[in-house]
Asker: 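My questions all concern the structure below.
Throughout, residue positions are numbered sequentially from 1 according to the sequence presented. Both ligands and their constituent atoms are indexed starting at 1 by order of listing.
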Amino acid sequence: MHHFQLINKELYAEECKVQDLAEEFGTPLYIYSAATLKRHYQAFDSAFHGLSHLTCFSVKCNANLSVLRLLKEQGAGADIVSGGELYRALRAGMDPRKIVFSGVGKQRQEIREALEAGILMFNVESLPELHLLQTTAREMNCTAPMSLRINPDVDPRTHPYISTGLKKNKFGISMDLALELFIQARDLPNVEPVGIDCHIGSQLTEIEPFLEALDRLKTLYSRLRDAGISVQYLDLGGGLGITYAEEEPPHPSEFGRALTQALQGLELTLILEPGRVIAGNAGILVTRTLFAKEAELKRFLVVDAAMNDLIRPALYKAHHRMSEVAPQGRPESVVDVVGPICETGDFLARDRALPEMQAGELLAVFSAGAYGFAMASQYNSRCRAAEVLVDGDRPRLIRKRETYQDLVALEDIEN
Ligand code: LLP
């Protein structure tokens, strides 16, 4: 459930009229709903109330400081994958003891920063990374808490670009090598094994792949115990899907029940790294129609948002539901919704039935709160959109629209 609803033929974000927000802050505009973010976080987190657990919001899906702060106030920790995300999480006031560091290519400097901050654990993905963690921790005269990311070779049945737990993917360590690596880790003086981890993919619409992965982790957990290594954390990653169109992903409570049952009797703290399920349907992208263009073979709705603002349709053929911000009741026709960027791949929707719209009218693109602004770029020297967070009847500009000066701010024409 989200708080973007039509009331008397006007789209509202909570108690704010989207039309008014577009007038005040301009377009393209990302709008997030605070009530929806809180609701999704609580629905997810409370699904695990029967277990010792920690919910670490996956910063990569929406890294805005105000969004992170709001979630931190709800009790969230953070799943980070770079020094930049660590910086953001700390700036937002996140507790370092609730931060886990994932990712296949951590760099020495990033590891240093995370050790300085005192994060909960590093999800290590390879032997060379384990050694880098050891040398960096030794240089700093401290101990690095590590968990090992397993590649459980489970098919998450999602888009191939966002599957991560198959043998052919770059992520994690195979089950066969895991025990050996743990033994090495245990014997390193500046590393302490504290957890096991996996992440099998994103936008999963079934629970079974998670349970399969969990089963492998449990097998490893008992092998570790037999070898005298006891870990405290089991991190199952993120990945629970959302409804973009017709998908029917399990409700977090169902997910929670299944995991609680599967973990019964184990003395572990469960860590989850949800992103999309919390932020995805808590945000929309509002764009203004520039032209309705009738070409020989197709109709195009040219809007002021483009693939640089929301790349998911171009990159994954992702479907984002769309609606007029102020429906006029006009008949529908099939259009491609395209942006101003000079590429045929620049579309927000293809062959979409939409009410006929005129220049100047506003269109809302739903489910844009995760991997929307976070993946935006300045391609075609387009200024990145503004972001607004609505709380009841109060909108707050949480990121200004970029300016032309911002586009060139880091460049030096003299050199
Ligand atoms: N943890 C790890 C280690 C991850 O790699 C990811 C996402 C997550 C957690 C969060 O997954 P979520 O709960 O959001 O599914 N840009 C793509 C999604 C890429 C996801 C990559 N990893 C998209 O727009 O669909």
Asker: Side chains of S66 and R396: donor-acceptor distance under 3.5 Å anywhere?
Answerer: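 Yes, side-chain donor-acceptor contact under 3.5 Å.
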Asker: Under 30°, 30 to 60°, or over 60°: which ring-plane class applies to F44 and F48, parallel, tilted or perpendicular?
Answerer: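 The rings of F44 and F48 sit tilted, inter-plane angle from 30° to 60°.
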Asker: Within the 4.5 Å heavy-atom criterion, are C383 and L407 side-chain neighbours or not?
Answerer: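 Of all side-chain heavy-atom pairs linking L407 with C383, at least one is under 4.5 Å.
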Asker: For atom 14 (O) of ligand 1, what's the nearest protein heavy atom and its distance?
Answerer: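 Going by distance alone, atom 14 (O) of ligand 1 is nearest to Y371 OH, 2.6 Å.
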Asker: What's the shortest distance from atom 21 (C) of ligand 1 to any protein heavy atom, and which residue and atom give it?
Answerer: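 The protein heavy atom lying closest is K60 CD, 4.0 Å.
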Asker: Closest non-hydrogen protein atom to atom 15 (O) of ligand 1, residue and atom name please, with distance?
Answerer: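 The answer is S202 OG, 2.4 Å.
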Asker: Which residue holds the protein heavy atom closest to atom 19 (C) of ligand 1, what is that atom called, and what is the gap in Å?
Answerer: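 I find the closest protein heavy atom is I162 CG2, 3.6 Å.
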Asker: Nearest non-hydrogen contact with atom 3 (C) of ligand 1 belongs to which option: E125, E273, H159?
Answerer: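 Closest candidate by heavy-atom distance is E273.
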Asker: Are E24 and K17 ion-paired here, with the side-chain N under 4.0 Å from a carboxylate O?
Answerer: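 Looking at K17 together with E24, the answer is no, because their closest N to O distance does not fall below 4.0 Å.
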Asker: When you measure from atom 24 (O) of ligand 1 to every protein heavy atom, which one gives the shortest distance, and what is it?
Answerer: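 Minimum-distance protein heavy atom for atom 24 (O) of ligand 1 reads R312 NE, 2.6 Å.
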Asker: Scan side-chain atoms only and decide if R312 and H319 contain a donor-acceptor pair under the 3.5 Å cut-off.
Answerer: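 Checked: R312/H319 side chains show no N/O donor-acceptor pair below 3.5 Å.
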Asker: One pair to check against ring pair (Phe, Tyr, Trp, His ring centres under 6.0 Å): F210 and F255. What are the steps and the verdict?
Answerer: CA-CA 9 Å; F210 288 110; F255 187 48; 4.7 Å; yes
Asker: Stepwise, does the salt bridge (Lys or Arg N to Asp or Glu O under 4.0 Å) test hold for D304 with R288?
Answerer: CA-CA 6 Å; D304 67 359; R288 202 176 280 281; 5.4 Å; no
Asker: Examine ligand 1 and decide if any of its atoms is less than 4.0 Å from a heavy atom belonging to G239.
Answerer: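 Yes.
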Asker: Measure R276 to ligand 1 on non-hydrogen atoms and call it side chain, backbone, both or neither using the 4.0 Å cut-off.
Answerer: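 Both parts.
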Asker: Which atoms from ligand 1 have a heavy atom of M375 less than 4.0 Å away?
Answerer: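 By the 4.0 Å cutoff, the relevant atoms are 16 (N), 24 (O).
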Asker: Report yes if some heavy atom in the side chain of T269 is under 4.5 Å from a heavy atom in the side chain of L234; otherwise report no.
Answerer: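 T269 vs L234: side chains apart.
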Asker: Strictly below 4.0 Å, N to O, side chains only: are E129 and K106 in salt-bridge contact?
Answerer: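 Yes.
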Asker: Among all protein heavy atoms, pick the one closest to atom 10 (C) of ligand 1 and tell me residue, atom and distance.
Answerer: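 Closest protein heavy atom to atom 10 (C) of ligand 1: S58 OG, 3.3 Å.
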Asker: Return yes or no for this condition: an N or O of G275 is under 3.5 Å from an N or O of ligand 1.
Answerer: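 Indeed, backbone or side chain, G275 has an N or O that close.
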Asker: Looking at R149, which atoms of ligand 1 are within less than 4.0 Å of one of its heavy atoms?
Answerer: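 What qualifies from ligand 1 is 3 (C).
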Asker: Yes or no: does D79 have any heavy atom under 4.0 Å from an atom of ligand 1?
Answerer: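 Yes, D79 has a heavy atom closer than 4.0 Å to ligand 1.
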Asker: For P274 and ligand 1, answer yes if some heavy atom of the residue is under 4.0 Å from a ligand atom, otherwise no.
Answerer: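 A heavy atom of P274 does come that close to ligand 1.
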Asker: Quick test: of every protein heavy atom, which one is nearest to atom 16 (N) of ligand 1, and how far off is it to 0.1 Å?
Answerer: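 I find the closest protein heavy atom is Y316 OH, 2.7 Å.
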Asker: So, R276 versus Y244: side-chain donor-acceptor pair below 3.5 Å or not?
Answerer: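 Judged by distance alone, the side chains do pair up.
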